[in-house]
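As C-alpha cells, the structure follows; a few thoughts come after it.
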Amino acid sequence: MWTNVCYFYFVFFPLLFSLGHSLGYGFVNYVNPSDAERAINTLNGLRLQSKTIKVSYARPSSDSIKDANLYISGLPKTMTQKDVEDMFTQYGRIINSRVLVDQASGLSRGVAFIRFDKRSEAEEAIKDLNGSKPVGASEPITVKFAANPNQTKNSQLLSQLYNTQSRRFGGPVHHQAQRFRFSPMSVDHMSGVSGMNVAGSSSSGWCIFIYNLGQDADEGILWQMFGPFGAVTNVKVIRDFNTNKCKGFGFVTMTNYEEAAMAIASLNGYRLGDKVLQVSFKSSKSHK
DNA sequence: TTCGATT
C-alpha cells in the first residue's frame, strides 16, 4: 500500500514551463495510510482557481514509467477526450489525458496528450496508431512522444522570446526579456540593487499587505486565503504585544509574482467576516 | 487601529 500521495493537475500541459515555475504536480508523504486515503477522498477533483486537481496514490518511481507521454495531432475536431481515450486504452493504462481546445472558440485543436503508465505501452500505441486514420477521419493522425518540458520547453521558450524581442526592437534583448520572467531576482536586477526597491518584492518573495483583519484573525486564515493562489512561504498576523489581539493587519509572502498578483486582484475587497479586506503589495518603505 | 520582525 502506497502512502505516497501524488498531487497533479488535470490541466498539466497548458502550464507555463518557464524557469522557476511549478510543473504542476507534487508529492506528499503520509505517515498514516488512512490519512493519505482521506487526503485523496477530500481533495481529488477539488477546483483551485481555473484548475481541477487530481490527487491519487503515487506510482512507484521507476524508469519504466518515465517518458510515457504521447502527443497526438491531426485528430478530427469532433473527437472528445473520451473518444481519444477509447482509441488508446487498448494499449495500456492511461494515467492522464487531455484534448487541447482553442481558447477563443472553445473548439478542439485536434491535439491531445495521453500519458500511459508505462513507456512500453506508449511505444506500442505509436507503432500502431501513428499515421493511422481514426474512423470517419480523412487525414491520418500523428502520434509521437511528447516533448519533455524539463529539457526542451525552457530553452525553446527562451530562444523564442529572444528572437521575437530582437526582431521587434532590434536592440539589447535582456531588458525586454525581463518582462516575461517576473521574479523578485529579476526585478532586483532591473533596479540595480537588491532589497526592497520595488513594492512588495525582495529576494525571498513577494510580500503582500493585508489590512482590516478582525481581532481574532490567525495565521491559518491567511494560509487558507492565499494558499490556493500558489506558493506561500510565510504568513504573519500582527498582534498587540500585550493583548495578543490582531492589530488589524498581516503579511503574506508568495514566491511567484503572477500568483501574488492574482491573489491580490482576487482578495482585495474580499469580505472576511464583517470586514472588507484591503490587499496590496507591501509598501516599499520601512524594513531594514 | 492602515505596512512587522520575541527567530
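Note that this is a predicted model, so its numbers are computed, not measured.
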Can you check the [X] [atom1] to [N] [atom2] distance for me, whole Å?
X	N	atom1	atom2	answer
Ile208(A)	dG4(B)	CD1	P	16 Å
Ile210(A)	dG4(B)	CD1	C1'	12 Å
Phe249(A)	dT2(B)	CZ	P	8 Å
Leu222(A)	dG4(B)	CG	P	16 Å
Ile238(A)	dT7(B)	CD1	C1'	14 Å
Phe209(A)	dC3(B)	CZ	C1'	4 Å
Lys282(A)	dT2(B)	NZ	P	15 Å

Of all the choices, [options], which nucleotide is nearest to the side chain of [X] once you look at every atom?
X	options	answer
Tyr211(A)	dG4(B), dT1(B), dC3(B)	dT1(B)
Phe241(A)	dT2(B), dT6(B), dG4(B)	dT6(B)
Phe251(A)	dT6(B), dT1(B), dC3(B)	dC3(B)

[X]: side chain to side chain contact (heavy atoms under 4.5 Å, CB included) partners, not counting sequence neighbours:
X	result
Arg239(A)	Asp218(A), Glu219(A), Val237(A), Asn244(A)
Val99(A)	Gln81(A), Val84(A), Ser108(A), Ala112(A)
Ile264(A)	Ile208(A), Val279(A), Phe281(A)

Does anything in residues 224-236 of chain A pair up under side chain to side chain donor-acceptor pair (under 3.5 Å), and if so which pairs, sequence neighbours excluded? none
Would a distance-only check, ignoring hydrogens and angles, find a side-chain to backbone donor-acceptor pair under 3.5 Å from Asn212(A) to Leu277(A)? no
Do Arg59(A) side-chain atoms and Ser61(A) backbone N/O form a donor-acceptor pair below 3.5 Å? no
Look at the aromatic rings of Phe249(A) and Phe209(A) and report parallel, tilted or perpendicular, splitting at 30° and 60°. tilted
With DNA chain B as reference, determine whether Gly248(A) or Arg239(A) sits nearer its 5' end, using the nearest nucleotide of each. Gly248(A)
Where along residues 268-281 of chain A does a heavy atom fall under 4.0 Å from DNA chain B? Gln278(A), Ser280(A)
Members of residues 212-221 of chain A that approach DNA chain B, where some heavy atom sits under 4.0 Å away: Gln215(A)
Distance col, row Met87(A):CE vs Ile114(A):CD1, nearest 0.5 angstrom, shows 7.5 Å
Evaluation steps, ring pair (Phe, Tyr, Trp, His ring centres under 6.0 Å), between Phe145(A) and Tyr71(A): CA-CA 6 Å; Phe145(A) 285 110; Tyr71(A) 173 91; over 10 Å; no
